[in-house]
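Read through the structure below, which is laid out as structure tokens, and then see the notes.
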Amino acid sequence: MVEIKDLGQHVGETVTVAGWVETTRSHGKVAFVVLRDGTGLAQCVLVKKQVSEATWEAHGLATQESAVSVTGEVRADDRAPGGYELGVTEMTVTGQAAEYPIQPKEHGVDFLLDHRHLWLRSSMQRSGLRVRAEVEQAIHDFFYGRGFVRIDTPILTGSIGEHAGTLFSTDYFGEKAYLAQTGQLYVEAACPAFRKVYCFGPTFRAEKSKTRRHLTEFWMVEPEVAFADSEDNMRLQEDFVSYLVERALERCPEELEILERDTSRIEHVKPPFPRISYTDAVTRLQAKGSEIQWGDDLGAGDEAVLTEDYDLPVFVANYPKEAKAFYMKENPEDTRTVLCDDLLAPEGYGEIIGGSQREDDLDRLLERIREEQLPEEAYSWYLDLRRYGTFPHSGFGLGVERTVAWITGRHHIRELIPFPRLMNRLFP
RNA sequence: UCCGGGGUAGCUCAGUUGGUUAGAGCAUCUGACUGUUAAUCAGAGGGUCGUGGGUUCGAGUCCCACCCCCGGAGCCA
């Protein structure tokens with residue numbers, strides 16, 4: 001059996017391909033079947049006089065998305081999508097499809113999400129998910145190439161990452177367990193073992209967010225580097241994000257074209273990215289008429305205003321302590337703030353990275369845990385990391401779906417994960 | 001949780017100041033056609049107008065309550 005992507009190497013030969021019917025067009029004595037096999041599309045041409053009765057009848061049974069097996073001669077033809085077509089000698093329907101719910105036309109989002117298991121077959125969805133897969137591979141390649149060790153962190157966890165209110169809880173043999181909302185604390189623990197580590201997996205947030213940027217289950221990659229400060233951290237981030245964009249451009253040009261992505265918007269994404277401090281950002285926003293006060297976290301509108309001046313992702317660094325998580329290191333140059341950064345993607349895609357230098361001083365970390373009224377016992381093992389050879393270290397988390405949404409130019413991140421979990425959607 | 005929009009055929013939608021038997025396109029089925037590109041043409045079947053109540057001679061349309069969906073805010077990646 002031949003894969004459709006290789007048809008060009010078999011011109012003049014008789015081959016067999018198998019796949020699913022995208023559309024059929026019948027004309028009485030000649031019929032066209034467009035076949036998708038997962039590697040490409042091929043137009044199959046049936047001429048009534050030249051095929052058996054069984055094969056001619058098979059085209060009538062080949063309803064949209066039926067699985068079929070087709071044998072025929074490969075020939076080059078400009079009229080065929082892809083440039084090659086199959087002059088059919090034999091076709092059999094191996095899995096006839098019932099009336100297919102998704103038609104080649106506009107559908108509502110709710111309907112499509114109800115049929116996500118079928119929607120995956122559509123060309124835009126195939127393209128978006130293929131870019132996702134490429135970006136995920138690029139993530140591994142980037143870190144592997146730089147000597148990082150991958151650490152798989154637990155999904156079921158007893159300790160808490162950041163804020164208790166946004167955790168999913170579940171019963172764990174009579175005890176309460178939480179679905180991880182970050183692997184960070186665990187990669188910090190692995191840092192003294194391997195120096196440079198990262199985790200990559202699903203994370204869970206029970207936030208009641210209904211926006212195009214939110215999922216309750218999303219994938220995050222979180223590197224952690226020993227002896228790296230906040231500046232080193234941002235340099236790693238811009239190198240990393242640039243590499244992901246470059247890989248998608250290099251290896252998914254067809255997918256980006258199907259997605260109608262204007263690639264000129266991302267082709268120049270290369271280090272360095274602009275950096276502004278939180279304090280400067282507030283001044284700038286106030287000059288533009290924002291009501292924001294120093295100490296407030298940046299709202300979605302503020303982020304949009306800040307990014308509109310750039311066509312690169314923008315770092316906003318050193319937020320007020322109160323707006324950020326307990327584990328971030330105090331900024332020695334302005335103790336109201338912490339050494340951290342958010343990376344805001346252009347074109348309104350929002351925050352794709354949150355990173356920071358970690359607090360490595362035991363007493364200050366303890367103080368912050370108490371200030372935030374977090375359960376101290378649950379963090380005893382995390383505090384041990386400061387007791388036994390504490391060291392400066394930094395890391396960040398990059399949201400895969402938001403990043404891929406930006407790279408592909410898709411409006412909503414739910415299209416960039418195979419089976420999105422949203423506030424009101426647990427099926428399929 | 002708050003603000004805004006919406007729910008009519010399998011799907012996407014139209015439906016006038018309340019008025020006879022609720023429409024269109026696509027999909028499905030039947031027929032015609034030897035080169036289509038979301039083929040075209042002719043015909044057919046297909047409806048609990050989100051749910052419950054109310055006003056009215058008469059409600060898809062007006063009123064009340066509830067359910068569900070979408071978008072945004074907050075929160076975050």
Side-chain angles (χ1 to χ4, degrees), chain A residues 22-34 41 43-51 56 59-60 63-65 75 77-82 85 87 97-115 118 122-123 161-163 165-167 181-184 202-222 237 241 296-304 319 323-325 341-345 348-355 396-406 411-414 416-417 422-425:
Chain A
E22 289 238 330
T23 58
T24 57
R25 292 181 285 274
S26 176
H27 295 265
K29 285 174 185 160
V30 62
F32 302 87
V33 175
V34 177
L41 295 181
Q43 172 166 279
C44 307
V45 186
L46 288 85
V47 178
K48 192 174 183 182
K49 278 194 282 191
Q50 294 168 11
V51 299
W56 182 252
H59 100 265
T63 49
Q64 186 186 359
E65 290 302 322
R75 59 195 181 216
D77 193 310
D78 291 340
R79 293 168 296 186
E85 66 179 20
E99 187 180 335
Y100 195 65
I102 300 178
Q103 299 161 26
K105 58 171 284 194
E106 292 277 325
H107 288 284
V109 173
D110 196 40
F111 174 82
L112 289 169
L113 285 176
D114 283 342
H115 296 84
L118 302 176
S122 305
S123 68
E162 290 164 18
H163 300 288
T166 59
L167 289 159
Q181 60 176 190
T182 173
Q184 183 204 314
T203 51
F204 306 88
R205 305 274 167 98
E207 292 159 6
K208 292 187 175 174
S209 302
K210 292 172 76 171
T211 80
R212 67 192 183 95
R213 300 184 305 278
H214 287 87
L215 298 166
T216 54
E217 177 182 307
F218 66 96
W219 283 62
M220 185 157 70
V221 52
E222 297 176 276
Q237 289 166 46
V241 168
D296 296 345
D297 203 355
L298 263 48
D302 298 321
E303 290 186 359
Y319 282 69
K324 289 291 173 183
D341 67 87
D342 284 356
L343 184 65
L344 309 178
Y349 287 93
E351 185 182 343
I352 56 171
I353 282 180
F396 63 89
L398 173 135
V400 168
E401 291 79 13
R402 284 188 186 178
T403 303
V404 178
W406 165 54
H411 182 254
H412 202 303
I413 67 170
R414 68 186 153 212
L416 288 320
I417 184 166
L422 302 161
M423 211 177 114
N424 297 321
R425 189 169 288 281

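Residue numbers begin at 1 in each chain, while the letters A, B, ... track the order of the sequences. Side-chain atoms are counted along with the backbone in the values below, which use heavy atoms only and exclude waters and symmetry mates. Every value quoted in this text rests on a predicted model; they were computed, and no experiment measured them.
Annotation: ring-ring contact (aromatic ring centres under 6.0 Å, His included) contacts of A/His214 (sequence neighbours excluded): none. Checked against ring-ring contact (aromatic ring centres under 6.0 Å, His included), A/Phe218 has no partners two or more places apart in sequence or in another chain. Residues passing the ring-ring contact (aromatic ring centres under 6.0 Å, His included) test with A/Phe111, sequence neighbours excluded: A/His107, A/His115. In this view, A/Arg79 and A/Asp77 satisfy the salt bridge (charged side-chain N to carboxylate O under 4.0 Å, His left out) rule, not counting sequence neighbours.
No hydrogens or angles were tested; on distance alone, a donor-acceptor pair under 3.5 Å links the side chain of A/His214 to the base of B/C76. Put simply, the side chain of A/Ser209 and the base of B/C75 share a donor and an acceptor less than 3.5 Å apart.
Distance check on atom C1': B/U12 versus B/G47 gives 16 Å, rounded to whole Å.
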So what's the dot-bracket for RNA chain B: Watson-Crick or G-U pairs under 3.5 Å, [ ] if a pair crosses, | if it pairs off-strand?
(((((((..((((.....[...)))).(((((.......))))).....(((((..]....))))))))))))....

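Looking at the side chain of A/Arg205, the nearest of the listed nucleotides B/A77, B/G71, B/G72 is B/A77. For A/Asp110, counting side-chain heavy atoms from C-beta on, the closest listed nucleotide (B/G74, B/C76, B/C69) is B/C69. The A/Ile413 side chain lies nearest to B/A77 when the options are B/A77, B/C11, B/A73.
Phosphate contact (OP1/OP2 of B/A77, side-chain N/O of A/Arg212, threshold under 4.0 Å): absent.
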Base-contact (B) and sugar-phosphate-only (S) positions in nucleotides 27-42 of chain B, heavy-atom cut-off under 4.0 Å, - elsewhere:
SS----BBBBBBB---

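Taking all atoms of both residues into account, the shortest heavy-atom contact from A/Glu22 to A/Leu41 is CD-CD2, 3.8 Å.
Counting any heavy atom pair closer than 4.0 Å across all strands shown, A/His412 reaches sugar-phosphate atoms only and no base atom.
With A/Thr211 contributing its side chain and A/Arg213 its backbone, the two residues share a donor-acceptor pair below 3.5 Å.
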